[in-house]
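Down below is the structure, laid out as structure tokens.
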Amino acid sequence: MASTVGNGGGGGGRQQFMVGSGNGSISNAPLIEESGEEVNQIVVPDKTSWKNFFAYLGPGFLVSIAYIDPGNFETDLQAGAQYKYELLWIILVASCAALIIQSLAANLGVVTGKHLAEHCRNEYSKVPNFILWVLAEIAIVACDIPEVIGTAFALNMLFHIPVWCGVLLTGLSTLVLLALQQYGVRKLEFLIAFLVFTIAAAFLAELGYANPVPSEVLSGLFVPQLKGNGATGLAISLLGAMVMPHNLFLHSALVLSRKVPRSARGIKEACRFYMMESGFALMVAFLINVSVISVSGAVCSSSNLSEEDKLSCSDLDLNKASFLLRNVLGKWSSKLFGIALLASGQSSTITGTYAGQYVMQGFLNLRLEPWIRNFLTRCLAIVPSLIVALIGGSAGAGQLIIIASMILSFELPFALIPLLKFTSCNTKMGSHANSTAISVITWIIGSLIMSINIYYLASSFIKLLLHNVSNIGLKAFYGILGFSGMAIYLAGVAYLVIRKNKKPTHLLAFTTSETQQDGVVDTCVTSLPREDIVDMQLPQRRAVLE
């Protein structure tokens with residue numbers, strides 16, 4: 001594991017970070033990169049340098065994959081086809097909110113050395129902790145549904161495999177992907193990201209052919225509007241597809257794979273660099289989402305569409321969207337879109353698997369082999385996807401993606417509120433706790449998300465009772481059942497908001513003089529990087545350093 005030792009030479013007691021082999025021996029050179037081809041511990045020197053930024057690259061980009069997954073593509077396509085550019089402001093707001101929220105998740109891990117799920121287990125009693133774990137698992141399954149359906153659509157485009165059959169094959173494809181990780185997960189992720197960004201480049205190029213009116217696009221970005229209940233539902237789906245609850249658990253854990261200098265300056269630098277990395281990664285995801293909505297809106301609102309394309313736009317889903325790229329890719333549009341969709345689904349599977357591992361390890365202190373963990377999650381996602389694909393075909397499967405994204409949005413408060421409470425708490429974060437301004441901004445964001453969710457839930461339920469249920473007895477029964485469910489939802493949110501944090505965290509931020517006295521190394525300082533996190537993130541064999 002990584003160790004902190006005193007510099008016995010002329011360094012004047014300056015800390016030096018080295019990597020041990022696991023058998024007690026220690027290499028002689030401080031590191032900013034991986035210490036060997038198969039030893040995946042990244043160690044940041046305790047010195048001020050812009051080069052340190054490269055040591056922090058990785059977690060933000062891995063998390064950002066979830067912002068350009070099949071669920072995002074589906075909701076973006078429908079938003080553009082149905083409302084042109086009117087919902088672009090949701091993407092802007094969600095991206096800004098995601099940057100702040102993801103940065104808080106990274107800060108929690110960097111400062112405390114524990115990720116969000118572990119804090120929840122330490123803070124809450126058994127019953128609330130169990131409920132939060134169940135909700136987190138449901139969120140991961142809901143996130144996996146778009147990956148299942150997106151992969152099934154991709155197989156249909158590439159090999160003309162029926163959607164329901166493709167749903168079944170997604171289980172096998174995921175296990176193959178996990179097996180390939182042992183040969184170098186970073187290389188595999190780079191290939192997948194390259195394929196995804198290829199289709200992103202195609203959408204950006206298509207913007208030139210679609211020629212959206214710039215003033216309309218800018219109006220959609222900066223003028224909030226929601227015309228009708230359908231727009232509200234799609235806005236919630238866009239929000240759920242952008243700011244996902246499992247990403248908060250994921251990001252707070254991924255940062256623990258780095259060996260950060262445990263000084264106040266080192267921790268502050270790590271938080272700043274992680275925010276910069278997240279900002280760049282989310283900006284790329286933002287541009288991709290905006291381009292997809294703009295292309296869909298411009299093409300589907302065009303006056304010279306063929307009848308076939310008009311029919312596709314009226315019920316647009318991932319399985320029909322390849323015609324949008326015909327101007328750029330020609331007859332290859334279907335195949336290349338299918339490849340990118342396959343890559344998007346499989347890359348998101350990696351992040352879902354990691355998030356599931358961290359959630360289970362954090363809440364239950366239980367770890368499973370990655371393939372077992374993913375197999376269980378994938379089976380739970382396959383069942384509803386298969387049923388809907390058999391009954392409703394590709395259109396029904398596309399609607400299931402929207403529903404899954406809405407579920408993610410409704411569940412977000414149960415991960416977001418603990419994160420806001422923990423990062424604003426001085427007994428957990430010390431001097432690195434959120435400032436008053438950040439606390440106000442983040443609570444406003446959380447309140448808006450919860451308000452729009454509750455509004456849509458209540459209005460949709462009342463509309464359902466008034467127009468779809470004629471029997472008075474059934475109306476009363478459904479009314480009691482529905483409003484009881486909403487009351488439980490609100491009670492759960494209120495409990496998390498009102499409850500005060502009770503358990504302090506032993507902070508890992510120390511100065512050099514505190515961590516090093518008479519050649520004795522404080523064991524708290526050497527606890528990062530977390531070997532369990534590294535092992536779950538990068539399941540590779542480790543070489544022994546000589």
Side-chain angles (χ1 to χ4, degrees), residues 70-91 146 149-150 152-154 156-158 160 162-163 166 199-200 202-217 219-221 225-235 237-238 241 288-338 340-341 344 388-389 391-403 405:
N72 290 96
F73 282 137
E74 174 75 26
T75 51
D76 290 347
L77 291 168
Q78 292 204 17
Q82 296 180 31
Y83 298 97
K84 205 173 180 181
Y85 317 120
E86 293 178 7
L87 298 181
L88 281 174
W89 67 275
I90 294 288
I91 300 298
I149 296 175
F153 282 164
N156 178 261
M157 294 177 197
L158 295 172
H160 304 289
V163 174
I199 204 67
F203 269 104
L204 289 171
E206 178 69 16
L207 281 175
Y209 290 90
N211 196 25
V213 180
S215 59
E216 293 183 5
V217 173
S219 176
L221 275 172
Q225 52 184 322
L226 288 174
K227 297 179 180 179
N229 207 46
T232 305
L234 199 51
S237 299
L238 284 169
I288 293 174
N289 285 290
V290 167
S291 66
V292 174
I293 292 178
S294 299
V295 167
S296 175
V299 172
C300 289
S301 62
S302 176
S303 58
N304 57 356
L305 275 181
S306 66
E307 290 299 322
E308 181 183 356
D309 289 346
K310 285 182 181 178
L311 186 63
S312 297
C313 283
S314 65
D315 189 20
L316 189 61
D317 59 39
L318 290 172
N319 213 23
K320 304 174 185 175
S322 60
F323 79 92
L324 297 174
L325 301 177
R326 201 174 293 151
N327 289 328
V328 177
L329 302 175
K331 64 179 181 179
W332 292 98
S333 61
S334 177
K335 300 298 182 184
L336 291 181
F337 185 78
L341 191 58
S344 174
V388 171
I391 297 175
S394 62
Q399 286 299 314
L400 183 60
I401 292 179
I402 301 296
I403 294 172
S405 298

>> Minimum heavy-atom separation for Ala152 and Val163, please, with both atom names.
In response: CB-O, 3.6 Å
> What residues, two or more places apart in sequence or in another chain, satisfy side-chain hydrogen bond (donor to acceptor under 3.5 Å, both in side chains) together with Gln78?
Replying inline: Glu74, Gln82
>> Minimum heavy-atom separation for Cys313 and Leu305, please, with both atom names.
In response: SG-CD1, 4.0 Å
> With distance as the sole test, does Ser302 use its side chain to make a donor-acceptor pair with the main-chain N or O of Ala298 at under 3.5 Å?
Replying inline: no
>> Are the side chains of Ile91 and Asp76 in contact, using a 4.5 Å heavy-atom criterion?
In response: yes
> Can you check whether Phe323 reaches Ser312 side chain to side chain, under 4.5 Å on heavy atoms?
Replying inline: yes
> Within the side chain of Ser405, is there an N or O that forms a donor-acceptor pair under 3.5 Å with the backbone of Ile401?
Replying inline: yes
>> Please check: side-chain N/O of Asp317 versus main-chain N/O of Lys320, any donor-acceptor pairing under 3.5 Å?
In response: yes
>> Would you compute the distance between atom CG of Leu325 and atom CG of Leu336 and round it to the nearest 0.5 angstrom?
In response: 9.0 Å
>> Within this structure, what is the CD1-CG distance for the pair Ile288 and Asn72, rounded to the nearest 0.5 Å?
In response: 9.5 Å
> Which residues pass the side chain to side chain contact (heavy atoms under 4.5 Å, CB included) test with Ser291, sequence neighbours left out?
Replying inline: Phe203, Leu204, Leu207
> Given the rule in the side-chain contact (heavy atoms from CB on, under 4.5 Å) test, do Lys227 and Gln225 qualify, once you have shown the distances and angles that lead to the verdict?
Replying inline: CA-CA 6 Å; Lys227 297 179 180 179; Gln225 52 184 322; 3.2 Å; yes
> If you take all heavy atoms of Phe153 and Ala397, which pair is closest and at what distance?
Replying inline: CZ-CB, 3.9 Å
> Out of curiosity, Ile90 CD1 to Leu234 CG, how far, rounded to the nearest 0.5 Å?
Replying inline: 9.0 Å
>> Go through it in stages, so that I can follow the logic: the residues are Ser344 and Phe73, the test is side-chain contact (heavy atoms from CB on, under 4.5 Å), and I'd like the CA-CA distance, side-chain angles, deciding distance and then a yes or no.
In response: CA-CA 10 Å; Ser344 174; Phe73 282 137; 3.9 Å; yes
> Between Ala321 and Leu316, what is the shortest heavy-atom contact and its length?
Replying inline: CA-CD1, 4.1 Å
>> How long is the straight-line distance from CG of Leu238 back to CG of Leu88, given to the nearest 0.5 Å?
In response: 9.0 Å
>> Between Tyr83 and Ile293, does the side-chain contact (heavy atoms from CB on, under 4.5 Å) criterion hold? Intermediate values first, please.
In response: CA-CA 9 Å; Tyr83 298 97; Ile293 292 178; over 6 Å; no
> Once you round to the nearest 0.5 Å, how far does CG of Leu221 lie from OG of Ser294?
Replying inline: 7.0 Å
>> For the backbone of Gly297 and the side chain of Lys84, can you confirm whether one donor and one acceptor N or O come within less than 3.5 Å of each other?
In response: no
>> Working note: Val295 + Leu77, criterion side-chain contact (heavy atoms from CB on, under 4.5 Å); need CA distance, chi angles, decisive distance, verdict.
In response: CA-CA 8 Å; Val295 167; Leu77 291 168; over 6 Å; no
> Side chains of Leu318 and Ile149: closer than 4.5 Å at any heavy-atom pair?
Replying inline: no
>> Tell me the closest heavy-atom pair linking Pro70 and Pro146, and the distance in Å.
In response: CB-O, 3.4 Å
> So, the side chain of Ser296 versus the backbone of Ala81: is there a donor-acceptor pair under 3.5 Å, distance only?
Replying inline: yes
>> Quick check for you: to the nearest 0.5 Å, what is the distance between Ser301 atom OG and Tyr85 atom OH?
In response: 5.0 Å
> Between Gly338 and Ala154, which heavy-atom pair has the shortest distance, and what is it?
Replying inline: O-CB, 3.2 Å
